[in-house]
Amino acid sequence: MVLGIEVFRDQYCMKSSFKISRLFVVFLLCFGCIAEVDMDMPEHYPTPVVNCLFEEGRVISLQLSKSASPMVGEFEVIYNATVELYKDDCFVEELVCSDEKYCSECIPVGGSMYKIVVKIDSYNPLEGSDFMPDCPALNSFRFVDSALIDEDENQLSLASFDMYDDLSELRFYELKLYSKFKHVGFSGDSVESVNNITFSKTKNYHPVITGSGSLNYTDDFILFSNEAFSEQNQSVRFYYYDFDRVWNHSYDDHELIVVLRAVSEDYYKYKLQLARQKFQSDNVFGGGGIALDEPVNLHSNIVDGLGIFAAYSQFVDTISKYNQ
Amino acid sequence: MRKPVLLIAILFSCVYLFAQKITISGYVKCADSGEVLVGAHVFGPQLQKGSCTNKLGYYYFTMDASDSVGFVVSYVGYNDLEVNVCAKADLWQDIYLVPAYILDEVAISEMSGNMFERKAEISNVTLSGEQIRQLPSLGGEGDVIQTIQTMPGVKTNNEWANGILVRGGSPDHNLFLLDDSPMYFVNHMGGFVSSFNTDVVNNVNLIKGGFPAAYGGKLSSIIDVNLKNGNHKEFNGSLNVGLITSKITLEGPVKQKNAYIFSYRRFMYDLLMRPVSKAMFENEQSFGYTFYDMNFKYNHHINDNNRLSVMLYKGDDNFTIKRLVGNESLINHKWGNNLASIKLSHVFSPELYASARLNYSRYRSVMETETGFTQNDTLCTEKAQLRTSVQDVIAAVNFTYHVCNNSTIKFGVSSTMHHFNPAYSGCETFIGNDLKGDTVYSNCLMKAVSNSAYVLAKSSLGKHFSSNIGFRMAHYHIGNANYWSPEPRVLLNYQIKKLFAIRSAYSVMSQNVQMLSNLSIGFPLEVWLPSNEQIKPSGARQLTIGVAKSLAVLNLRLTIDAYYKQFDNLIAYKEGLNFTGSTNNLYGLIESGGHGVSKGVECLLQRQCGKLTGFLAYTLSKSTRQFDNINQGKPFVYTYDRTHDFSLNLSYQINQQLSVATSWTYATGQAFSMPTESMLVVDEDAGGNTQSVGFVYNDINTHRLKAYHRLDIGFNITKPVSLGVRTINVSIFNVYNRQNPVYYFLKFNESNQAYKLYQQSVFPVMPSVSYRLCFNKTGLETLRNAYVQRHKHLKTKLFKHCVSGQYNRFLGADFGYKPWVFALRYSYAIKPYLVFGAEYSGCRIKKYSGYDLSWTMKNDNCGLFSRIKLPMFVFVEPFIETNAFIVRECNVSERYGVSGAEFYFSGYFAPGICVNLFDKRIRFDLFYKISHNEIIFNKTRVVSYRLGFNF
């Protein structure tokens with residue numbers, strides 16, 4: 001429009017006019033907008049780290065290590081510590097170190113409080129405790145294989161389950177699914193595989209599924225609490241992808257392994273924050289690294305140390321496609 | 001009881017009784033356009049009294065009936081006007097100031113300098129629209145927000161972010177007013193461009209401290225943007241084409257005393273982006289981003305005592321991704337504001353001035369996804385929507401009572417009805433066209449009411465002392481909660497010498513609506529959340545002390561302000577949480593009851609007239625936050641705290657045609673959190689390895705990014721043309737290509753098995769150009785006459801022969817195909833309205849495949865056509881064309897050679913337009929082919945063109 005008026009002006013008014021004949025617009029777009037930064041880090045004093053997620057009905061296995069400077073990728077494992085296990089404030093046993101892990105003989109049971117006291121030379125004793133929740137009550141689980149084809153032409157499966165919670169207190173849960181199927185291996189033999197399924201981030205709107213926000217950070221599992229339940233017998237519906245099975249062209253009968261965990265609050269917070277910290281590693285603003293725009297601290301319940309000592313009890317069921 | 005009595009005594013201490021007084025009142029306006037001049041000084045040197053025009057340009061002056069008094073009216077960028085009055089009765093006198101010839105070096109007159117020191121204002125900066133337009137910025141044209149960001153005490157999040165941060169406040173602590181209507185979202189393109197179109201901006205007033213009692217509702221600043229009223233003298237307008245935006249502005253009088261102004265601005269590249277992205281992704285998907293805004297204002301002069309103005313604003317950003325293969329899907333994200341206001345101002349008497357207004361403001365951000373999928377061989381659609389919105393309806397009445405020249409009392413009330421829906425999410429499922437499911441997952445509709453009443457007294461006691469003392473009472477109601485916020489405002493000014501004054505102010509502010517923003521990076525998913533029973537309104541108390549000094553010889557004005565500010569009841573996301581978009585429990589994500597402290601010293605040195613204008617700003621400040629459950633309850637440095645902040649803006653008018661403007665900014669780096677240690681963590685989901693690396697942060701915001709600095713330069717080349725004036729603006733953003741970090745990140749380096757720290761920067765050096773053509777009625781008439789003459793001349797000119805052609809890639813091809821289309825034609829004009837010709841055209845479609853390597857489909861057409869056109873238009877000729885041709889089609893494969901050759905007859909019918917250029921020698925035909933056969937890729941209707949040469 002403007003150029004049109006310019007042309008009119010030049011041609012019809014017969015004036016020797018200024019013409020924008022050459023406008024050199026050079027965009028020097030920098031492809032190297034990422035640059036390494038030198039920063040002096042203060043001297044680092046290592047802190048003992050406890051790593052232990054323990055399950056009802058299985059021995060407690062715990063790892064001890066030392067933290068390092070954030071720029072270092074190697075960690076020292078501690079072998080010579082004394083780890084005492086208490087159940088409901090009563091001493092049970094001293095854990096034995098074997099193959100980098102401290103293992104108990106005691107089998108944890110639901111409804112009990114477990115505590116560890118870790119003594120390491122030249123450090124204050126570390127303490128961590130957690131309450132073992134009771135096994136979750138999964139009433140039913142159904143799934144429809146390849147219920148939908150999404151916009152990318154991927155097969156979406158639909159699953160729903162009913163579970164019971166008396167809603168008397170705040171409880172936390174974790175849901176994981178695995179697909180078990182047979183397919184033809186490289187040698188031509190029939191091979192059985194068990195793979196993680198992927199929860200759909202875009203097709204799931206159920207408040208129980210989206211309530212914790214874990215689906216924003218990971219599609220491997222779903223964390224939820226009974227805060228989002230509308231009734232004691234809660235029905236939940238969700239969509240998922242079974243990529244590995246589809247890629248292996250295994251469309252016949254297969255099984256879905258359902259793992260529903262009742263988890264402690266420490267476990268819930270730890271997994272949520274871990275998922276978020278890991279998400280930062282992949283997010284676009286991290287440049288393939290870990291963005292430092294908003295700190296995400298990992299939840300820790302270890303006194304005078306770092307790490308986690310958290311409990312869960314789980315219900316596992318295997319459901320066949322044709323025999324649900 | 002003593003305090004209220006004292007307050008009332010101060011408020012009315014300014015009331016003097018004079019016998020035989022007369023008043024002179026009216027509007028101060030620009031002599032060229034009739035635009036009112038806001039904040040113009042009216043000063044009587046003999047009486048040593050003066051006043052300023054209000055937001056509508058209204059002034060008021062009193063004198064003894066017998067006096068013959070001269071007073072001076074001054075305004076930045078205009079010549080001072082001396083008015084001598086000898087009147088026996090009240091007088092209505094509109095005053096017209098003539099714009100100053102900019103190359104005149106005029107020293108600050110003692111009168112206007114004196115007014116600067118006498119004014120009871122602190123931490124207050126007023127910029128005219130023209131000043132803002134002159135400054136360089138990204139995209140070639142000055143921008144309101146980018147200019148404000150260079151002021152002392154004002155910071156920005158980072159280069160790629162929206163919002164401003166004033167004196168330690170958050171981005172939501174600023175009240176943006178567009179002609180008194182609050183605006184919630186003030187940016188386009190995530191912060192590149194502000195929502196304020198400088199073409200329609202009369203002036204911008206930034207208040208950071210010493211808030212007059214008339215303003216409230218936000219904690220940190222008022223950015224009061226006043227729109228032009230429109231040219232009352234003659235019709236004119238401007239066209240602007242820039243690298244980022246293009247806009248058109250029209251303004252003019254309606255029946256002499258009324259005026260309108262209209263402006264439309266748009267980001268144009270989506271028109272290019274959509275087809276280009278479609279071609280880039282081989283027709284698999286297309287995307288486009290655009291924004292636009294539209295301003296309209298109409299001023300109706302009912303009579304000298306009554307004026308009515310109507311203002312409308314609409315602005316949106318829109319981002320769309322469309323997937324075109326498989327089951328089609330669409331993501332559409334739209335966000336922006338709608339504003340409307342109607343304002344009536346009435347002069348009851350020269351002393352009493354009133355205005356009543358009704359405003360509507362809406363901000364909403366809507367993300368819609370439409371997904372197609374197949375279920376039991378039926379095409380289904382799922383439409384999901386995520387929406388956050390806030391709507392305000394405001395009614396307000398304000399009164400101004402001029403007690404005498406130096407004393408004014410203002411009072412008023414306002415009531416705002418808020419409608420919030422911070423997080424709506426829902427989904428509809430269609431099987432075929434039937435709605436099968438309609439689910440609302442979260443819907444948090446809330447209503448709230450904010451009321452306020454204020455009274456303030458501006459007065460001068462003696463020659464040296466002036467004050468602005470006021471009190472505002474704010475009430476907020478939501479659900480069962482009622483909050484009352486008494487807000488005293490005191491501003492004292494003591495003029496020690498004629499050109500030197502000290503000032504002090506104390507303000508209490510409250511804010512009922514706060515914003516939760518997802519990230520520091522400017523995504524438009526900002527959620528406005530009202531205070532409720534659990535979350536109290538935020539509050540701030542601010543004490544400011546400053547000095548003001550005019551250096552008359554150098555035309556400089558210096559202000560130095562020191563401030564101390566406390567915040568209460570701030571909100572933030574709980575540590576480690578952010579908004580997930582779909583929740584019924586938004587308040588569960590929030591940490592409330594936060595405190596903040598901000599303190600600093602600001603220095604501003606301004607030169608507003610002469611060849612060289614500009615300002616130098618420096619701020620030394622510190623800002624902290626403290627929440628019980630964040631950072632273990634310890635105070636931490638606020639993310640946007642900048643210890644040093646410096647900016648230098650200079651504009652130099654070299655001659656009447658050429659001016660240069662430059663801006664250099666420096667700021668301490670933004671605070672960020674650096675992990676203090678790393679550790680092994682148990683991670684069941686780490687791909688079979690049950691351990692991964694985690695990071696520990698001891699304190700928040702312990703480190704700083706590298707310092708930020710940048711130099712921008714802009715040139716304005718102005719030339720009078722027959723239409724009016726044209727200006728070419730050439731700007732260079734970030735001249736020395738400083739890579740300013742937006743954020744840091746850690747990345748694992750495989751070679752030495754350790755983490756390294758990297759920075760991400762956004763904008764390198766960026767040159768830009770904009771072209772502006774200001775036209776007026778005379779210019780348009782000249783052009784019209786020239787056009788008519790030319791039309792007559794060209795109408796007699798008929799070229800009989802024409803050769804034209806086409807060659808380009810076809811943009812609507814299916815995935816995996818590379819089609820090229822071509823055409824060559826000759827035509828002969830039998831009559832001016834009838835043309836016959838012959839054409840050879842076709843296409844070559846290449847398809848690559850792994851097995852056959854490649855094959856090409858050849859299509860050749862040969863035929864005759866006729867065209868009927870309307871020759872009454874010389875430059876643009878509408879036409880209708882019919883074409884009949886024989887088609888030969890075949891496939892040519894590398895492996896199998898030519899196959900599948902066939903012949904058939906076809907034709908098309910095509911309406912179109914022909915644009916004649918360069919004395920009718922060159923022509924461009926654009927037409928829309930409609931055929932009963934497939935033209936290309938199963939399409940029976942396509943747009944086509946021919947570029948031709950007439951002879």
Side-chain angles (χ1 to χ4, degrees), chain A residues 1-2 5 8-9 12-13 18 23 25-30 33-37 39 44 47 49 51-53 65 67-75 147-153 205 207 210 213 216 220-221 273-274 276-277 285-293 295-298 306 308, chain B residues 239 241 323 326-327 329 371-375 427 441 519-521 575-576 580 582 672-683 685 694-697 700 719 721-723 739 743-748 753-762 764-767 769 771 773 783 786-787 790:
Chain A
M1 190 82 173
V2 174
I5 288 171
F8 291 147
R9 181 172 61 75
Y12 309 134
C13 300
F18 174 82
L23 287 174
V25 181
V26 183
F27 281 96
L28 301 174
L29 291 171
C30 279
C33 279
I34 293 174
E36 197 179 325
V37 181
M39 183 176 276
H44 177 257
T47 312
V49 181
N51 275 316
C52 179
L53 297 179
S65 58
S67 68
S69 159
M71 303 301 201
V72 176
E74 290 178 357
F75 303 94
L148 308 175
I149 307 293
D150 76 359
E151 65 276 15
D152 295 322
E153 298 182 354
Y205 304 105
T210 57
N216 291 307
D220 291 336
F221 58 86
Q273 297 298 72
L274 180 63
R276 198 162 166 227
Q277 202 174 76
F285 303 114
I290 293 148
L292 301 173
D293 61 338
V296 180
N297 248 329
L298 291 179
L306 294 168
I308 188 76
Chain B
L239 280 166
V241 181
R323 191 175 167 79
N327 296 316
S329 67
T371 311
F373 59 87
T374 313
Q375 191 171 23
C427 177
Y441 295 108
L519 287 171
S520 52
I521 296 161
E575 214 169 26
T580 57
S582 169
F672 76 99
S673 307
M674 180 77 188
T676 46
E677 45 194 337
S678 60
M679 62 177 188
L680 283 175
V681 293
V682 54
D683 181 9
D685 308 291
F695 292 93
V696 180
Y697 299 82
I700 291 177
K719 190 180 175 187
V721 290
S722 56
L723 271 176
Q739 293 198 354
Y743 58 85
Y744 282 175
F745 61 92
L746 282 171
K747 198 170 179 181
F748 191 69
Q753 291 291 302
Y755 283 91
K756 282 198 169 176
L757 193 62
Y758 294 86
Q759 72 163 44
Q760 175 73 57
S761 46
V762 181
V765 53
M766 290 180 80
V769 177
Y771 179 90
L773 178 70
L783 180 75
Y787 175 83
R790 195 67 191 160

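Chain letters run A, B, ... following the sequence lines, proteins first and then strands; every chain starts at 1. All of these numbers come straight from a predicted model, not from anything done at the bench.
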Any side-chain to backbone donor/acceptor pair from A/Asn297 onto B/Val696? Under 3.5 Å, distance only. no
Restricting to non-hydrogen atoms, name the atom on B/Thr676 and the atom on A/His44 that form the minimum distance, rounded to 0.1 Å. O-CD2, 3.6 Å
Side-chain donor or acceptor of A/Gln277 paired with backbone N/O of B/Gly694 under 3.5 Å: no
Of all heavy-atom pairs linking A/Val37 and B/Tyr758, the shortest is CG2-C, 3.8 Å
Would you indicate whether A/Glu36, at its atom CD, is surrounded by more than 12 heavy atoms from other residues, nucleotides or ligands within a distance under 6.0 Å? yes
Taking the side chain as every heavy atom from C-beta outward, state whether B/Leu680 and A/Val49 have any atom pair closer than 4.5 Å. no
So which part of A/Met39 gets closer than 4.5 Å to some heavy atom of chain B, the side chain, the backbone, both or neither? side chain
Any heavy-atom pair between the side chains of B/Leu757 and A/Met71 that's under 4.5 Å? yes
Quick one: CZ on B/Phe695 to CG on A/Leu298, what's the gap to the nearest 0.5 Å? 10.0 Å
Sort out for me which of A/Ile308, A/Asp220, A/Leu306 touches chain B most, counting heavy-atom pairs under 4.5 Å. A/Leu306
With a 4.5 angstrom heavy-atom cut-off, could you sort out which part of A/Ser65 is near chain B: side chain, backbone, both or neither? side chain
Minimum side-chain heavy-atom gap B/Ser678-A/Phe75 below 4.5 Å: yes
Can you find a side-chain donor-acceptor pair between A/Ser69 and B/Glu677 that sits under 3.5 Å? no
